[in-house]
Amino acid sequence: MKLLVVDDLEAVGIIVSEIATHSGWNAVYCNQNQNIIEVIQNEQIDVLLTDFAMPGKNGLEIAADIREAGMTQPIIIFSAMTSQIDMARAEKLGIFKILDKPLSVRELRRALSEARAVQAV
C-alpha cells in the first residue's frame, strides 16, 4: 500500500517515510507546496499522513481539499499542537487519527496498521 507523507520540514517527512517503509509501506514524501491532490491521483495513494501546522495550508485545510475532490483515503494528522486542532471539523472531514508530536514510532505504526486494515476492506 502507498502512503503519502506531507510535512513542511523535509527531514521530518523523510524520517517518517523511512519508518513507514520499514513497516511495509511504499511511502512517498512531499512538502505542502506541491499539488497534493495531483500527487494522490498520480501515485495512487492509499493513506495520507500530514502534519497539522504548516505555512500556507494546515493539515485540516489539506484534508478539506482532498474531501472536496471526492477522495476518501484515510487521513492521519500529526501535530505538536493537537490542542489547536478543531476536533469538530476533523470529525466532519473524517480524519482517521490524530497523533501527537513528537511521534511515537509505536503509535505511528499502530495508526498505519489500522489505516491499512480499513483500506483492505
Side-chain angles (χ1 to χ4, degrees):
M1 294 191 93
K2 271 193 150 173
L3 172 71
L4 177 61
V5 178
V6 179
D7 198 303
D8 57 315
L9 299 174
E10 184 177 5
V12 172
I14 289 171
I15 289 168
V16 171
S17 295
E18 287 180 10
I19 292 167
T21 298
H22 289 291
S23 299
W25 287 83
N26 181 354
V28 175
Y29 163 75
C30 75
N31 66 46
Q32 83 285 2
N33 294 322
Q34 292 176 266
N35 184 332
I36 294 168
I37 291 173
E38 188 175 293
V39 173
I40 290 170
Q41 292 171 333
N42 291 343
E43 296 288 336
Q44 299 178 335
I45 298 298
D46 298 298
V47 176
L48 172 70
L49 175 65
T50 183
D51 188 16
F52 172 71
M54 297 181 285
K57 289 188 177 187
N58 69 37
L60 285 182
E61 292 166 331
I62 290 169
D65 290 346
I66 290 166
R67 296 303 187 232
E68 288 172 16
M71 299 177 181
T72 60
Q73 291 90 341
I75 298 172
I76 301 169
I77 292 178
F78 61 100
S79 178
M81 302 178 288
T82 55
S83 64
Q84 295 182 10
I85 296 174
D86 179 344
M87 294 301 179
R89 185 171 184 213
E91 185 176 340
K92 182 179 176 185
L93 291 169
I95 301 303
F96 185 73
K97 290 270 184 198
I98 296 176
L99 303 175
D100 288 311
K101 269 183 172 178
L103 282 172
S104 153
V105 173
R106 183 178 316 151
E107 291 287 323
L108 176 59
R109 286 183 173 153
R110 182 179 304 127
L112 292 175
S113 178
E114 291 170 5
R116 181 189 310 259
V118 167
Q119 279 298 84
V121 172

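Fair warning: this is a prediction, and the values are worked out from it, not measured in the lab. For reference, positions follow the sequence shown, starting with 1.
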TODO: Hey, could you give me the CZ/OG distance between Phe78 and Ser104, rounded to the nearest 0.5 Å?
DONE: 13.5 Å

Open item on the list: If hydrophobic clusters are built by linking Ile, Leu, Val, Met, Phe, Trp and Tyr wherever their side-chain heavy atoms come under 4.5 Å apart, do Leu9 and Leu103 end up in the same one?
Closed with: yes

Task: Main-chain N/O of Ala88 paired to Glu91 side chain as donor or acceptor, under 3.5 Å - done: no

Task: ILVMFWY cluster, Val6 and Val16 together (side-chain gap under 4.5 Å) - done: no

Open item on the list: Within the 4.5 Å heavy-atom criterion, are Arg89 and Glu61 side-chain neighbours or not?
Closed with: yes

- [ ] Start with the C-alpha gap between Asn31 and Asp8, add the side-chain angles, then the distance that decides, and say whether side-chain contact (heavy atoms from CB on, under 4.5 Å) holds.
- [x] CA-CA 5 Å; Asn31 66 46; Asp8 57 315; 5.8 Å; no

- [ ] Drop me the distance from Gln119's CD to Leu112's CG, to the nearest 0.5 angstrom.
- [x] 12.0 Å

TODO: Indicate the atoms forming the closest heavy-atom contact of Ala69 with Ile37, along with that distance.
DONE: CB-CD1, 3.8 Å

TODO: To the nearest 0.5 Å, tell me how far Leu3 CG sits from Asn26 CG.
DONE: 9.0 Å

TODO: Would you indicate whether Glu10, at its atom CD, is surrounded by more than 12 heavy atoms from other residues, nucleotides or ligands within a distance under 6.0 Å?
DONE: no

Task: Test item: Tyr29 side-chain N/O and Ile15 main-chain N/O as donor-acceptor pair under 3.5 Å - done: no

TODO: Report whether Leu4 and Leu60 are members of the same hydrophobic cluster (ILVMFWY, side-chain heavy atoms less than 4.5 Å apart, transitive linking).
DONE: yes

Open item on the list: Looking at Ile45, is its backbone amide N or carbonyl O close enough to the side chain of Gln73 to form a donor-acceptor pair, meaning the two atoms are under 3.5 Å apart?
Closed with: yes

Open item on the list: Rounded to the nearest 0.5 Å, what separates atom CG in Asn58 from atom CE in Met81?
Closed with: 9.0 Å

Open item on the list: Let me check something: do Val105 and Leu49 share a hydrophobic cluster, defined by ILVMFWY side-chain heavy atoms less than 4.5 Å apart, either directly or through other members?
Closed with: yes

Open item on the list: Return the CZ to CH2 distance between Arg109 and Trp25, rounded to the nearest 0.5 Å.
Closed with: 13.0 Å

Open item on the list: Apply salt bridge (Lys or Arg N to Asp or Glu O under 4.0 Å) to residues Lys101 and Asp7 and explain how you reach the verdict.
Closed with: CA-CA 12 Å; Lys101 269 183 172 178; Asp7 198 303; 3.7 Å; yes

TODO: Indicate, with yes or no, if Ile75 and Val118 share a hydrophobic cluster defined by side-chain heavy-atom contacts under 4.5 Å among Ile, Leu, Val, Met, Phe, Trp and Tyr.
DONE: no

Open item on the list: For the backbone of Gly13 and the side chain of Ser17, can you confirm whether one donor and one acceptor N or O come within less than 3.5 Å of each other?
Closed with: yes

Task: Approximate separation, where rounding is to 0.5 Å, of Thr50 OG1 and Ile66 CD1 - done: 7.5 Å

Open item on the list: Under the salt bridge (charged side-chain N to carboxylate O under 4.0 Å, His left out) definition, can you give me all pairs with a residue in residues 37-50, not counting sequence neighbours?
Closed with: Lys2-Glu43

Open item on the list: Suppose we screen for side chain to side chain donor-acceptor pair (under 3.5 Å). Which residues come up paired with Arg110, at least two apart in sequence or across chains?
Closed with: Glu107

Task: Intermediate values then yes/no, side-chain contact (heavy atoms from CB on, under 4.5 Å), Val28 and Val5 - done: CA-CA 6 Å; Val28 175; Val5 178; over 6 Å; no

- [ ] With sequence neighbours left out, write down each residue that passes side-chain contact (heavy atoms from CB on, under 4.5 Å) with Met87, or none if nothing qualifies.
- [x] Ile85, Ile98

TODO: Provide the closest heavy-atom pair for Met54 versus Gly59 in the form atom of the first, atom of the second, distance.
DONE: CE-N, 4.4 Å

Task: Salt bridge Lys92-Asp86, side-chain N to carboxylate O under 4.0 Å - done: no

- [ ] Check Phe96 against Ala111 and note the closest heavy-atom contact, atom names and distance.
- [x] CE2-O, 3.8 Å

Open item on the list: A side-chain contact here means heavy atoms from C-beta on lying under 4.5 Å apart; do Glu114 and Lys97 qualify?
Closed with: yes

Open item on the list: Is there a side-chain contact (heavy atoms from CB on, under 4.5 Å) between Val47 and Arg116? Walk through the geometry before answering.
Closed with: CA-CA 8 Å; Val47 176; Arg116 181 189 310 259; over 6 Å; no

TODO: Please say which of Ile76, Thr82, Ile77 ends up in a side-chain contact (heavy atoms from CB on, under 4.5 Å) with Leu99.
DONE: Ile76

Open item on the list: Would Cys30 and Ile36 count as a side-chain contact (heavy atoms from CB on, under 4.5 Å) here? Give the steps.
Closed with: CA-CA 8 Å; Cys30 75; Ile36 294 168; 4.2 Å; yes

